[in-house]
Amino acid sequence: MNTVIKKLQKCCKTAIWGKISTTDAIFGEYKAWRDRFLWQRLHLGIWIAILCVFTFILRDILQQVFHLQEIPKIPHEIKNLALTINSCIFLCLLVCLFLHKTNIARRYPGRLFLCLSFSVTLVEQFVATFKGFALPDQLAWIIAFLTQAMLIPIRWYLHLGSQLGVVLYYFVVNSVLGLKLPPPFSKEPIFGVTLIMLIFWVCFICDLGVFLYEKLQRSEFYARKELEIANEKLTVTEAKYRNIFENAVEGIFQSTANGRYITANPALARIYGYASPEEVTTLIDIEHQLYVDPNRRAEFVRLIEQYGSVSEFESQIYRRDGSIVWISENAYAVRNSRGQLLYYEGMIEDITKRKQAEEALRVFFHAVSHDLRNPVLGTLMVLRNLLSRSEDKIAVSRFILERMEQSSDRQLSLINSLMEAHMSEVQGVALQLQPVELLKVVEAAIADLKPMLTENQALLINQVTADLPIINADPTQLWRVFSNLIVNAVKHNPPGLTITINASVHDDKICCSVVDNGVGMSQKQSDRLFDLYFRGSHARNSISLGLGLYLCKQIITAHGGEIGVKSAINAGATFWFTLPIFKANK
């Protein structure tokens with residue numbers, strides 16, 4: 001019987017599972033689910049069978065005691081044997097109930113199914129055979145086949161196997177043994193056309209119902225698993241997208257056609273100066289609340305409508321604090337199946353540093369072309385005058401060579417200053433911070449500049465004392481600040497200038513000052529004095545590029561301090577800057 005069932009099972013797998021395009025993993029999950037379902041339903045089926053047989057045992061006991069008259073047509077042999085048969089069935093069902101609790105039943109629920117079915121249908125056949133007659137119990141068969149088809153509507157080949165087991169036993173074994181029906185039906189054949197048709201159609205309907213129901217269950221299971229897999233993939237994809245969305249360096253956004261943000265990521269919030277993406281979505285008018293030039297939004301929309309997308313669309317925008325930055329947008333239009341616009345989607349990059357670097361480079365070449373032109377032309381004119389002479393060997397005076405050397409030296413100084421200013425603009429000032437005594441830095445700067453001060457008849461008064469706190473600074477860069485401020489005062493004033501250097505403690509900082517009694521400057525000049533390549537109108541040295549004060553500001557800012565100037569026409573100038581006091585780690 002097991003061989004027949006295995007062959008049927010193999011054929012069914014080829015016929016049914018071969019038609020379903022699925023993975024072995026899902027098929028394994030379905031088999032596990034099906035076996036678990038079978039094992040659970042067997043528990044219910046066993047208990048129903050026990051209760052059902054128990055009622056028949058009670059009937060048999062009442063029949064023995066009270067001689068019930070409702071079943072007078074049942075043969076006497078069967079009446080006397082009924083209690084024995086039902087008792088044997090009851091014991092077999094108890095054994096099935098015990099086996100159901102073991103691991104064997106969990107691993108092989110199909111075998112327990114056959115045990116349950118044969119306990120109801122075959123046990124009575126064994127007892128009847130032992131008593132010497134055939135027992136066609138159609139009522140028990142029909143109840144058993146219908147009940148198991150209703151309670152356990154899976155693995156139809158198991159149902160067919162259980163049916164073939166009792167049918168083959170009744171028709172084949174009884175015929176081989178030559179057994180007859182019990183008296184008074186001994187002369188009648190053990191089977192007929194009506195019995196065969198009854199058994200066939202009951203089995204066919206039960207097996208067909210199980211087959212169709214299991215097919216529906218299987219389709220539902222696979223549909224549910226595919227949905228779960230799709231949901232898992234969607235969850236993974238969404239998690240990946242969310243991770244990219246949340247951690248992207250570029251700002252990611254979705255905005256409506258009427259100028260509202262639908263979604264924004266943290267990077268976009270940082271670019272716009274907001275604390276969270278939710279605050280970005282509160283903007284209700286991108287055109288006027290965001291763009292410095294409101295026409296840029298209209299141009300953005302026009303380009304997308306014309307080309308479907310925009311690339312490297314550069315604009316200036318207002319941050320939340322009112323400051324202005326440059327952004328570059330790459331975006332496209334998202335439309336539905338009918339071509340209607342849903343929203344704009346894209347990425348935004350902060351290009352402010354790049355723009356500043358580009359501007360510093362437009363200015364760099366401008367300074368080169370203007371400030372180096374005169375020295376180069378002067379040298380070129382000298383060389384042309386010398387070459388215009390007819391003699392092969394030209395005598396050049398020492399004075400001319402000295403002028404050419406000075407001109408070349410000035411050109412080299414200009415080039416170095418330009419490169420230094422450009423690098424500080426692009427990369428920032430690199431500092432080597434260490435505890436520094438301010439007095440030593442000031443004394444070193446004065447010593448280096450003493451020849452220049454003597455030549456210009458300038459008097460320098462150093463009021464910086466040795467008892468000042470230690471500062472946290474780069475001594476070389478700080479030396480440059482004092483040197484540039486002293487040189488700037490000398491260059492922009494006539495001889496006989498008095499310069500005073502002082503420093504005092506204010507809270508956690510030291511405030512330094514370089515004061516002169518020179519010609520001073522207007523407020524307009526003071527406002528632009530620290531700008532890149534700005535030159536004062538009183539400079540006596542025409543090769544100056546106006547880099548010194550700009551570099552001073554870069555250095556002091558890199559130290560975390562501030563720098564400024566107070567001046568008026570004919571009232572001298574006071575340059576001041578602050579430096580942090582060094583705090584040792586405790």
Side-chain angles (χ1 to χ4, degrees), residues 2 4-49 51-52 96-97 99-118 120 141-165 200-241 337:
N2 287 337
V4 175
I5 292 175
K6 288 181 180 179
K7 289 183 178 180
L8 286 171
Q9 186 175 6
K10 185 177 181 180
C11 293
C12 293
K13 286 181 180 179
T14 304
I16 299 174
W17 298 115
K19 297 179 182 178
I20 299 177
S21 58
T22 184
T23 61
D24 293 338
I26 298 181
F27 176 61
E29 290 183 20
Y30 174 75
K31 287 178 62 178
W33 172 87
R34 185 183 60 182
D35 290 344
R36 186 169 59 254
F37 175 81
L38 175 59
W39 180 82
Q40 292 172 345
R41 286 300 180 90
L42 280 172
H43 185 262
L44 177 61
I46 292 172
W47 274 109
I48 291 177
L51 294 176
C52 180
C96 290
L97 183 63
L99 292 175
H100 183 270
K101 299 180 182 299
T102 64
N103 290 329
I104 297 177
R106 288 180 178 271
R107 293 179 59 186
Y108 307 105
R111 298 180 183 181
L112 183 61
F113 174 89
L114 294 177
C115 290
L116 171 61
S117 181
F118 290 155
V120 177
W141 298 346
I142 293 174
I143 292 176
F145 297 159
L146 289 175
T147 301
Q148 65 190 27
M150 292 177 62
L151 294 179
I152 313 174
I154 56 173
R155 298 178 69 172
W156 64 270
Y157 45 86
L158 284 179
H159 293 259
L160 180 60
S162 67
Q163 296 159 2
L164 288 175
F200 172 79
W201 284 111
V202 169
C203 294
F204 178 78
I205 292 172
C206 289
D207 295 342
L208 180 62
V210 172
F211 173 79
L212 295 176
Y213 187 81
E214 183 176 12
K215 185 177 181 181
L216 179 63
Q217 284 183 319
R218 185 177 62 250
S219 299
E220 181 182 355
F221 180 87
Y222 273 80
R224 186 169 62 252
K225 291 302 296 184
E226 290 177 359
L227 182 61
E228 290 176 0
I229 293 174
N231 286 334
E232 289 177 359
K233 291 181 179 179
L234 181 62
T235 301
V236 172
T237 303
E238 183 179 358
K240 289 182 179 178
Y241 175 77
S337 58

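Atoms considered below: every heavy atom in the structure, side chains included; atoms not considered: hydrogens, waters and symmetry mates.
- The shortest side-chain heavy-atom distance between Trp33 and Lys31 does not fall under the 4.5 Å cut-off.
- Between Leu227 and Asn231, some side-chain heavy-atom pair lies under the 4.5 Å cut-off.
- Applying the 6.0 Å contact sphere to CD of Gln40 captures more than 12 heavy atoms from other residues, nucleotides or ligands.
- At least one side-chain heavy atom of Leu158 sits under 4.5 Å from a side-chain heavy atom of Leu38.
- Taking CD1 of Ile142 as the start and SG of Cys203 as the end, the distance is 9.0 Å to the nearest 0.5 Å.
- Using bins of under 30°, 30° to 60° and over 60° for the plane-to-plane angle, the ring pair Phe204/Trp201 lands in the perpendicular bin.
- Remark: Leu116 CG to Leu42 CG distance equals 6.5 Å, nearest 0.5 Å.
- Expressed to the nearest 0.5 Å, how far NE2 of His43 lies from SG of Cys96 amounts to 12.5 Å.
- For Glu228, the side-chain contact (heavy atoms from CB on, under 4.5 Å) partners are Arg224, Lys225, not counting sequence neighbours.
- Formation of a donor-acceptor pair under 3.5 Å by the His159 side chain with backbone atoms of Phe211 is not found in this model.
- Closest of all the heavy-atom pairs between Met150 and Arg41 is O-NH1, 4.4 Å.
- With a 4.5 Å cut-off on side-chain heavy atoms, Trp47 and Leu97 count as touching.
- Note that CD1 of Ile229 is 13.5 Å distant from CG of Leu234, once rounded to the nearest 0.5 Å.
- Within a 6.0 Å sphere centred on CD1 of Ile104, other residues, nucleotides and ligands contribute 12 heavy atoms or fewer.
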